[in-house]
Amino acid sequence: AIGQKPGMTRKIRLAARAVILHENRLLLVNAYRGRGDLWCAPGGGAEPHQSLPDNLAREVHEETGLLIAVGAPCLVNEFHDPVGDFHQVDLYFRCTLTAGSLDQSWTDPEGIVTLRRWVTRAQMAALRVKPDSLAAVAWSDPDAPAYDPLEPILR
């Protein structure tokens, strides 16, 4: 592919993520299978021939059991593995909860999300959350970015 380094064969992965504020709390899920120390917004990889909003509604339901309405995009975030071939672009959408409540016994069919929780902004400040700009975007801070530059993946 054009611009690809020798030996690099993997394509950029595209994912959609949901920014869901409900009663002034943001929905977060664990970012990696079996790791509860890093949190992110729910969502996941885009499937071909499905719109990003349809992908996102499916992913949120799989990970949380919740039904959502997908609104406008609010953030583009990129992260990568500087020593490997992983590079992902996340498109964040403002979403609203339309049905359901969190049930900790819910099982993600892919087994990635095992923890889910609603957090206040103060609670979020005490957690390890990616991307760094998520709180500013979620609570519509005037200086919240629309694009979050390429950052290295956390291990």
Side-chain angles (χ1 to χ4, degrees), residues 1-22 25-48 50-64 66 68 70-95 102 106-155:
I2 295 173
Q4 205 168 29
K5 293 180 183 175
M8 303 286 259
T9 57
R10 194 155 180 198
K11 294 185 167 101
I12 294 174
R13 183 174 191 260
L14 180 62
R17 299 210 172 270
V19 176
I20 309 168
L21 269 180
H22 181 68
R25 292 175 184 267
L26 180 67
L27 181 60
L28 295 177
V29 298
N30 62 291
Y32 299 109
R33 183 185 338 249
R35 283 192 58 184
D37 64 331
L38 183 61
W39 296 86
C40 66
E47 296 291 331
Q50 261 189 357
S51 71
L52 290 173
D54 287 349
N55 269 286
L56 183 54
R58 173 187 46 77
E59 284 285 345
V60 169
H61 184 260
E62 287 176 0
E63 293 177 358
T64 68
L66 302 176
I68 60 167
V70 179
C74 57
L75 176 66
V76 176
N77 172 254
E78 287 189 81
F79 62 100
H80 72 123
D81 182 349
V83 297
D85 63 358
F86 183 80
H87 184 157
Q88 182 163 307
V89 176
D90 284 341
L91 299 173
Y92 287 76
F93 292 81
R94 292 202 183 280
C95 299
L102 288 187
W106 180 266
T107 302
D108 174 2
E110 293 181 6
I112 296 170
V113 171
T114 55
L115 302 168
R116 53 203 66 76
R117 65 191 281 201
W118 294 102
V119 297
T120 64
R121 189 159 188 180
Q123 290 168 327
M124 189 175 172
L127 299 173
R128 232 174 112 200
V129 178
K130 282 297 179 183
D132 294 340
S133 62
L134 186 55
V137 169
W139 277 275
S140 301
D141 289 0
D143 60 345
Y147 170 71
D148 212 356
L150 184 66
E151 63 182 302
I153 196 167
L154 292 179
R155 297 190 184 280

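Worth knowing before you read on, the calculation uses all heavy atoms, side chains too, and leaves out hydrogens, waters and symmetry mates.
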note = dist Asn30:CG -> Cys40:SG (nearest 0.5 Å) comes out at 7.5 Å
ask   = For Thr64, which of Asp108, Leu27, Val113, Ile20 qualifies under side chain to side chain contact (heavy atoms under 4.5 Å, CB included)?
value = Leu27
Ala41 backbone acceptor or donor facing Arg17 side chain under 3.5 Å = yes
inquiry  = Do Leu134 and Val19 have side chains that approach each other closer than 4.5 Å (heavy atoms only, starting at C-beta)?
reply    = yes
ask   = Looking only at heavy atoms, what is the nearest atom pair of Ser133 and Pro145, with distance?
value = CB-CG, 3.5 Å
ask   = Is a side-chain donor or acceptor of Asn55 paired with a backbone partner of Glu47 at a separation under 3.5 angstrom?
value = yes
message = Using the rule given for side-chain contact (heavy atoms from CB on, under 4.5 Å), can you reason through Arg121 versus Leu26, listing the C-alpha separation, both sets of side-chain angles and the distance that settles it, and then say yes or no?
response = CA-CA 8 Å; Arg121 189 159 188 180; Leu26 180 67; over 6 Å; no
task = Determine the minimum heavy-atom distance between Ala18 and Val60, stating which atoms define it.
result = CB-CG2, 3.8 Å
request  = Kindly write out the residues that satisfy ring-ring contact (aromatic ring centres under 6.0 Å, His included) with His87, not counting sequence neighbours, or none if the list is empty.
outcome  = none
task = Rounded to the nearest 0.5 Å, what's the gap from CD1 on Ile12 to CG on Asp85? Could you check?
result = 11.5 Å
key: Check: Arg116 side chain, Glu63 main-chain N or O, donor-acceptor pair, under 3.5 Å   = yes
task = With rounding to the nearest 0.5 Å, note down the distance linking CH2 in Trp39 to CE in Met124.
result = 11.5 Å
task = Just jot down the salt bridge (Lys or Arg N to Asp or Glu O under 4.0 Å) partners of Asp132, sequence neighbours excluded, or say none.
result = Lys130
task = Heavy atoms only: give me the nearest Ala31-Ile112 pair and the separation to one decimal.
result = O-CG2, 4.4 Å
inquiry  = As an exercise, state the distance from CZ of Phe86 to CZ of Arg13, rounded to the nearest 0.5 Å.
reply    = 6.0 Å
Atom pair CD/CG of Glu78 and Leu91 - distance to nearest 0.5 Å = 10.0 Å
Atom of Arg94, atom of Ala138 and distance for their closest heavy-atom approach = NH1-O, 3.6 Å
task = Mind listing the closest non-hydrogen atom pair of Pro42 and Val29 along with its distance?
result = CA-CG2, 3.8 Å
Positive for side chain to side chain contact (heavy atoms under 4.5 Å, CB included) with Tyr92, one of Leu56, Leu75, Val76 = Leu75
query = For the residue pair Asp90 and Ala15, what are the closest heavy atoms and their distance?
reply = OD1-CB, 3.1 Å
ask   = Can you tell me how far the OG atom of Ser140 sits from the CG atom of Leu21, to the nearest 0.5 Å?
value = 7.5 Å
remark   = Contacts satisfying ring pair (Phe, Tyr, Trp, His ring centres under 6.0 Å) that involve residues 107-141 (not counting sequence neighbours) are His22-Trp118
request  = Answer yes or no: is there a side-chain heavy-atom contact under 4.5 Å between Thr120 and Arg25?
outcome  = yes
